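Here's the structure, in structure tokens; my notes come after.
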Protein chains: 2
Amino acid sequence: MKNMFTQSEENYLKAIFHLQEEAGEGVSTSALAELLETKAASVTEMIKRLANKNLVDYKKYYGVQLTQTGRKQALTVVRKHRLWESFLVERLNFNWDEVHEVAEQLEHIRSPKLVEELDRFLGRPAYDPHGDPIPDASGNLPKAPKKRLSQLKEGQKGVCKGFNDASSAFLKFLDDQDIGMHTEMKVMQIQSFDESMTVQVGKRQVLLSKTATDNIYVED
Amino acid sequence: MKNMFTQSEENYLKAIFHLQEEAGEGVSTSALAELLETKAASVTEMIKRLANKNLVDYKKYYGVQLTQTGRKQALTVVRKHRLWESFLVERLNFNWDEVHEVAEQLEHIRSPKLVEELDRFLGRPAYDPHGDPIPDASGNLPKAPKKRLSQLKEGQKGVCKGFNDASSAFLKFLDDQDIGMHTEMKVMQIQSFDESMTVQVGKRQVLLSKTATDNIYVED
DNA sequence: ATAAAATATTAGCTTTGCCTAAATTTTAAT
DNA sequence: ATTAAAATTTAGGCAAAGCTAATATTTTAT
Ligand SMILES: [Mn+2]
Ligand SMILES: [Mn+2]
Ligand SMILES: [Mn+2]
Ligand SMILES: [Mn+2]
């Protein structure tokens with residue numbers, strides 16, 4: 001059996017991938033330990049195992065980086081994680097904030113056919129319920145990942161491209177504010193203490209909470 | 001964490017449950033070893049662990065039997081296994097002969113909500129794609145396991161008790177043939193080359209493919 | 001009733017993963 | 001440039017699960 005990784009190995013690869021995404025360069029032992037809720041000593045050990053399997057490049061005391069193979073493997077796990085999250089939210093009435101733990105388990109199920117069929121069944125979604133891009137079967141990520149409204153800075157404009165919270169209450173609220181798909185918005189002001197935003201929508205100014213802006217996707 | 005069993009423990013409980021179903025009484029170490037594709041020594045060890053946790057009654061050299069708690073736990077695993085099999089076949093285009101391996105993994109996913117929602121999503125099926133009964137949430141098994149029409153021999157009669165394929169196309173087809181719940185049928189002839197059946201329904205003779213007869217449950 | 005064959009258990013080892021404590025290396029501060 | 005602090009690795013253990021080889025017990029055949 002060649003392409004066989006343990007659940008733990010897959011979790012490490014995914015964690016390294018995520019940390020690499022944002023921080024770039026070498027991922028530190030302590031960052032991994034924190035993210036994986038384990039101890040530094042355990043991380044060092046696993047890192048050595050992954051390095052032996054050529055999944056990561058490891059320079060003692062200076063952190064790890066995924067190899068090509070490691071990245072590829074990490075991407076298949078990310079793909080499964082996000083597809084399952086989509087399934088849970090769109091078909092099984094899960095709320096977007098209660099899917100993570102289950103997806104954390106489901107992402108380790110081994111079956112190429114299952115992944116492919118799940119993808120088809122869901123209509124080949126490009127983004128998961130949190131707005132994160134879903135890698136395709138070959139590991140390609142949609143290049144321009146959606147942004148959340150909450151990620152825009154004061155003065156920036158964006159066009160609404162989707163919502164995360166599909167609850168009817170939220171959608172109704174948006175409708176009341178004249179916010180819908182393709183609505184153009186401009187960030188007028190951000191309150192620092194609670195990150196709420198005043199947003200220009202057409203000729204109206206609307207105040208949106210962080211919770212709300214987290215759930216609105218925009219394109220600039 | 002109380003109700004936490006490892007994947008291996010769950011596999012053992014399920015195996016003991018199955019062997020108990022057919023053979024009754026004490027389940028032997030060797031039978032378990034064979035079913036689980038492991039060695040007798042390993043089985044003995046695990047059995048002792050399960051006995052410590054009061055999941056089985058174990059008398060050295062005389063095999064094991066599930067306790068009430070053990071049986072309950074085994075049933076939740078069986079329930080998940082069969083629900084997932086149903087999902088794979090009915091929604092993900094899996095063939096009924098290629099679901100077992102994947103279900104073997106999926107059955108260990110821990111999430112009560114997931115199980116409940118999956119059950120609802122599938123329309124609370126009573127039988128899995130192999131015609132095996134799916135325990136309900138409290139662990140009750142439908143007492144008289146249904147038979148598939150395809151399992152009847154020439155000359156035998158049966159009363160339709162349910163369908164496996166819930167697709168509207170299939171149900172419409174059945175409706176056209178005047179086949180519905182509680183319809184009485186008699187197997188007139190079975191074609192050996194494709195296992196299709198000529199069935200007497202009321203005063204009409206109907207030809208049903210193997211695929212169709214696999215998806216019709218009967219009681220004789 | 002005894003011996004042989006079949007089953008089951010125990011003993012001793014291995015791997016994976018994780019932990020704490022001790023030692024080492026790097027980084028930050030004086 | 002030293003030294004103190006922070007981060008990392010190493011050493012030594014532990015639990016889960018598996019395996020093989022050696023024993024022990026039960027069953028079957030003579
Ligand atoms: Mn995971
Ligand atoms: Mn997500
Ligand atoms: Mn299993
Ligand atoms: Mn089945």
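Letters A, B, ... mirror the listed sequences (proteins, then strands); counts begin at 1. Since this is a predicted model, take the numbers as computed values, not measurements.
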| field | Integer-rounded Å distance: D:dA17 P and B:Glu37 CD | value | 18 Å
| note | Contacts of A:Arg120 meeting salt bridge (Lys or Arg N to Asp or Glu O under 4.0 Å) (sequence neighbours excluded), chain-then-number -> A:Glu117
| Got a sec? Which of residues 55-66 of chain A come in under 4.0 Å of DNA chain C, heavy atoms? | A:Tyr61, A:Tyr62
| Mind checking what makes salt bridge (Lys or Arg N to Asp or Glu O under 4.0 Å) contact with B:Glu45, not counting sequence neighbours? | B:Arg49
| request: Rounding to 10 degrees, work out the angle separating the end axes of the helix from C:dA1-D:dT30 to C:dT30-D:dA1 (five pairs an end). | output: 0°
Show the distances under 3.5 angstrom between N or O atoms of the protein and N or O atoms of nucleotides 11-18 of chain C.
unit_1: C:dG17; atom_1: OP1; unit_2: A:Thr6; atom_2: OG1; d: 2.3
unit_1: C:dG17; atom_1: OP2; unit_2: A:Arg49; atom_2: NH1; d: 3.1
unit_1: C:dC18; atom_1: OP1; unit_2: A:Ser8; atom_2: OG; d: 3.2
unit_1: C:dC18; atom_1: N4; unit_2: A:Glu45; atom_2: OE2; d: 2.8

| Taking atom P of D:dT10 as reference, at what distance in whole Å does atom CD1 of A:Ile47 sit? | 11 Å
| note | Hits for side-chain contact (heavy atoms from CB on, under 4.5 Å) against B:Glu37, two or more places apart or cross-chain, chain-then-number order -> none
| request: Would you tell me if any nitrogen or oxygen in the side chain of A:Ser28 comes within less than 4.0 Å of OP1 or OP2 on D:dA7? | output: no
| Contacts of type salt bridge (Lys or Arg N to Asp or Glu O under 4.0 Å), residue A:Glu195, not counting sequence neighbours | none
| field | Within 45° cone of A:Phe121 ring axis and under 6.0 Å: A:Arg91 NZ or CZ | value | yes
| For A:Ser42, which residues count as a side-chain hydrogen bond (donor to acceptor under 3.5 Å, both in side chains) partner, sequence neighbours excluded? | none
| For B:Lys39, all residues meeting side-chain hydrogen bond (donor to acceptor under 3.5 Å, both in side chains), sequence neighbours excluded | none
| remark: Those residues at least two apart in sequence (or on a different chain) that pass side-chain contact (heavy atoms from CB on, under 4.5 Å) with B:Ala31 are B:Leu19, B:Ser28
| task | Output yes when A:Glu116 and A:Arg124 qualify as a salt bridge under the 4.0 Å nitrogen-oxygen rule, no when they do not. | result | yes
| query | Can you name the residues that form a salt bridge (Lys or Arg N to Asp or Glu O under 4.0 Å) with B:Asp194, not counting sequence neighbours? | reply | none
| To the nearest angstrom, how far is B:Leu13 atom CG from D:dA17 atom P? | 11 Å
| note | Among the nucleotides D:dA7, C:dA8, C:dT10, whichever has the atom closest to the side chain of B:Thr29 is C:dA8
| query | Taking only residues two or more places apart in sequence, or in another chain, which ones meet B:Lys157 in a side-chain hydrogen bond (donor to acceptor under 3.5 Å, both in side chains)? | reply | none
| Atom-pair distance (NZ on A:Lys48; P on D:dT8), nearest Å | 14 Å
| field | Nearest-Å distance for atom pair CG/C1', residues B:Asn52 and D:dA15 | value | 14 Å
